[in-house]
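For reference, the structure discussed in these notes is given below.
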There are 2 protein chains.
Amino acid sequence: MDRDQTDKDDDASAHERPTLKTLAFMTGLGVTTVSRALKDAPEIGAETRRRVQLVARQIGYRPNRAGVRLRTGKTNVISLVLNTEREIMSFVSDIIYGVSEVIADTPYHLIVTPYSRSQDPLDPVKYLVETGSADGVIISRTQPNDPRARYMLERGIPFATHGRTDMGLVHPYHDFDNYAFAAEAVRHLAGIGRRRLALVTPPVGLTYYGHTVNGFVDALGEVDASEVPFNTVSIDQSIDQIRTRTAQLMRREVRPDGFVSSAAAATLAIVAGIEDAGLKLGRDVDVVSKQSSELLHLFRRELLIVNEDFRLAGTELARAVLGWIGGAAPGSLQTVVKPGDVVAYRG
Amino acid sequence: MDRDQTDKDDDASAHERPTLKTLAFMTGLGVTTVSRALKDAPEIGAETRRRVQLVARQIGYRPNRAGVRLRTGKTNVISLVLNTEREIMSFVSDIIYGVSEVIADTPYHLIVTPYSRSQDPLDPVKYLVETGSADGVIISRTQPNDPRARYMLERGIPFATHGRTDMGLVHPYHDFDNYAFAAEAVRHLAGIGRRRLALVTPPVGLTYYGHTVNGFVDALGEVDASEVPFNTVSIDQSIDQIRTRTAQLMRREVRPDGFVSSAAAATLAIVAGIEDAGLKLGRDVDVVSKQSSELLHLFRRELLIVNEDFRLAGTELARAVLGWIGGAAPGSLQTVVKPGDVVAYRG
DNA sequence: TCAGTATACTGAAACGTTACAGATTGCCAA
DNA sequence: TTGGCAATCTGTAACGTTTCAGTATACTGA
């Protein structure tokens, strides 16, 4: 009789991974009781609970994820969906670390779900939802009318977007205030006497493209400056393209004396283009740029910089998804971070 | 009787995720047969096999990962273990994309397992192995005597290291030939008349620190040049520290006229330090640097560059782990990639 | 004709977990 | 004394998969 219970498990020597059955055997309790004791269920006696938890800690019991997942459907996985070609480099590492920081003391794992240029961005999201591979999803490159957000909302899977949507639907997001960034950049350039400004936009189609353009245009209305159209360029073009087009622009008769750039990599290309045209940064033209890691001031100290913290984005997005999973109202999980001041080189 | 089989599953309207049971019901076969038919087991009739696979494809059957994992122990997960503070930024995104590319058409998912400065690097690896969270592991920041590699080898879990070890143990790795890089850099600098060279080393303790130093020193022996010690600096220090120390060094009487730098971010700092000391790149001093993304030539066109492809590292490491999981000999899964030539700015 | 065997299929059990529906005990009110 | 009830604990089933040990059928050779 007794041997029945033990015939597999009490091979303690073999050092197999402990399961609820192991704990049940060690404590002399039933598997069910052990399970409930570990999750502080109300109908378990205080002493039993403590005893079970003590033993569990001692032998290093860890719930088997496959068991939980199979039984409950809970995956304990957050998926970060990334475009393998167009994502900003520092974005990837910073956001991963930000998310990691938040989920570090939770049972969650982070899985990265990539998709490539050729794919519909909806594909990876569909895959995740259809296969039930994650409890929560984080997406970037958010669009005003974003099919992915709509889809996940329909399917009822918790998610958070990096960037806002504009569909009249409520969901968690984290965003940088790109309207304020662009407006502040324009004001700063006007303040140092620049009058003809060009904007290097975010990728057309993404929500923050609109925000940025609006901030730029609105602020131009407030100050004594005008726009030099530079519509052929956006930050997800190649360095070479941006550089060439900038050089072309700067060789025209009517050329900008100020740039507002939405990303550090593009800024490198713009400066190169400016210099290709024989002009000098800080003298002939000023550039205000966003950056997410401290490198632009090493590049050219004349650059004017606004910092965007992607690691913060990671933590906020992770918090938002976990919050939604935990039952919080999606509408209460929306954050927009204001840009800091435009900073010039500090000695 | 019939209703027993159907009472849950045939609610086709509800559009629940199909399982083997669903397929069994649809084809009129047993669950076992369906399972075997899907994996081309030999004892299944050719027509049955085709029929099952057709139906499975039509209704979009996907095996439930939790079911498989619970039953077989196979997780279909590869884990990439990363240091959240010291990893090179572009390394993170490139290697993730490289790995993704390889596992894209396999059932594998990529999970990122981070650890922080304060933790023992062995911790995350122990966690993965003890909880059986992955079928294969990729680690970076490899040391000559690496406890993580030793541990995984003992436990028999497939892994690949970015960088080699030197413990007399055989395991898959991918490495960049840093010996050749450093040696070639020295030869190049000597070739353009530089005589007093300083090395900005990789992090002390990592295997490629030794490789780099050896390449540097050995090549110095071949050419008419000597080393200016710069031991207080390595590439995982902060930009500010490297910059300050470089400036100090460059203000000494006996200062280097050439640098070899193991990472792009450090190179930015070194150039800043050089310029802080009032010296000019290309005139007073030359710098050969590794980089993993095309930005250094935008930064200063006088820089001399050797490219290291982290995306390739990602694909090679993924291939190596998958190979080992697939039963290949670990010794056959080792690659070292030669550096390309030192390249100067191309007009 | 019949045993032997290859072919094609099947049910039951198990992986580790949780939910459901009890079961046992002791205590209290009537 | 008894019925009721709260407090604790328990066995069974189920999640979806694969493996084990079959079973049924048809074919083979003598």
Side-chain angles (χ1 to χ4, degrees), chain A residues 1 4-5 7-9 11 14 16-52 56 59-76 107 130-133 135, chain B residues 1 4-5 7-9 11 14 16-53 56 59-76 107 130-133:
Chain A
M1 297 281 151
D4 273 16
Q5 283 194 36
D7 55 4
K8 262 194 170 173
D9 275 339
D11 264 306
E16 308 228 314
R17 198 171 153 206
T19 70
L20 288 181
K21 208 165 148 202
T22 320
L23 284 179
F25 176 69
M26 293 179 73
T27 55
L29 296 162
V31 171
T32 304
T33 310
V34 172
S35 172
R36 317 204 72 168
L38 287 176
K39 46 176 55 69
D40 289 314
E43 61 267 68
I44 302 296
E47 197 203 310
T48 306
R49 198 205 322 281
R50 276 202 314 273
R51 198 158 62 86
V52 170
I59 66 174
Y61 168 77
R62 311 258 201 167
N64 179 306
R65 312 189 115 233
V68 176
R69 180 165 170 176
L70 180 56
R71 177 61 232 236
T72 65
K74 179 128 206 271
T75 61
N76 283 313
E130 283 172 5
T131 60
S133 289
D135 296 334
Chain B
M1 299 282 150
D4 273 16
Q5 284 195 36
D7 56 2
K8 263 192 172 175
D9 275 340
D11 264 307
E16 308 227 316
R17 201 172 151 207
T19 70
L20 288 181
K21 208 165 148 201
T22 320
L23 283 179
F25 177 68
M26 293 179 72
T27 55
L29 294 163
V31 171
T32 305
T33 310
V34 173
S35 172
R36 317 202 73 165
L38 287 176
K39 46 178 54 71
D40 290 314
E43 62 267 68
I44 301 296
E47 196 202 313
T48 306
R49 197 204 324 279
R50 276 203 313 274
R51 199 158 61 87
V52 170
Q53 291 181 353
I59 66 173
Y61 167 78
R62 310 259 201 164
N64 178 307
R65 313 190 114 233
V68 176
R69 182 165 168 176
L70 180 57
R71 176 61 231 235
T72 64
K74 179 128 206 271
T75 62
N76 284 313
E130 284 172 5
T131 61
S133 290

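Both backbone and side-chain heavy atoms feed into the values below; hydrogens, waters and symmetry mates do not. Below, chain A is the first sequence line, B the second, and so on; all start at residue 1.
- B/E43 is linked by a side chain to side chain contact (heavy atoms under 4.5 Å, CB included) to B/R36, B/A41, counting only residues two or more places apart in sequence or in another chain.
- Following rounding to the nearest Å, A/R62 (CZ) and C/dT17 (P) show an atom-to-atom distance of 13 Å.
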Quiz item: Reading nucleotides 18-23 of chain D from the 5' end, what letters show protein touch, with B for base, S for backbone sugar-phosphate only, - for no heavy atom under 4.0 Å?
Solution: BBB---
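- Defining each end axis of the helix from C/dT1-D/dA30 to C/dA30-D/dT1 as the rotation carrying four pairs' C1' atoms onto the next four, with five pairs an end, the two axes are found to diverge by 60° to 10 degrees.
- If you check D/dT8, D/dG16, C/dT17 against the side chain of A/E43, the one that comes closest is D/dT8.
- What separates CG of A/N76 from P of C/dT17 is a distance of 13 Å, to the nearest Å.
- Remark: P of C/dC15 and CG of B/N64 are 18 Å apart, rounded to the nearest angstrom.
- As a whole-Å value, the separation of B/R69 CZ from C/dT17 C1' is 13 Å.
- In this structure, B/R50 atom CZ and C/dA8 atom C1' are separated by 15 Å, rounded to whole Å.
- Whole-Å rounding puts the A/R65 CZ to D/dG16 P distance at 19 Å.
- For D/dT8, neither phosphate oxygen OP1 nor OP2 lies less than 4.0 angstrom from any side-chain nitrogen or oxygen of A/T48.
- Straight-line distance from the CD atom of A/E16 to the P atom of C/dC15: 10 Å, rounded to whole Å.
- One atom, CG of A/L70, and another, P of C/dT17, lie 12 Å apart when rounded to the nearest Å.
- The side-chain hydrogen bond (donor to acceptor under 3.5 Å, both in side chains) search around B/N76 returns B/K74, not counting sequence neighbours.
- Every residue two or more places apart in sequence or in another chain was checked for a side-chain hydrogen bond (donor to acceptor under 3.5 Å, both in side chains) with B/T72, and none qualifies.
- Partners of B/T48 according to the side chain to side chain contact (heavy atoms under 4.5 Å, CB included) rule, which considers only residues two or more places apart in sequence or in another chain, are B/L29, B/T33, B/I44, B/V52.
- Annotation: side-chain hydrogen bond (donor to acceptor under 3.5 Å, both in side chains) contacts of A/S133 (sequence neighbours excluded): A/T131.
- Residues forming a side-chain hydrogen bond (donor to acceptor under 3.5 Å, both in side chains) with B/E130 (at least two apart in sequence, or on another chain): none.
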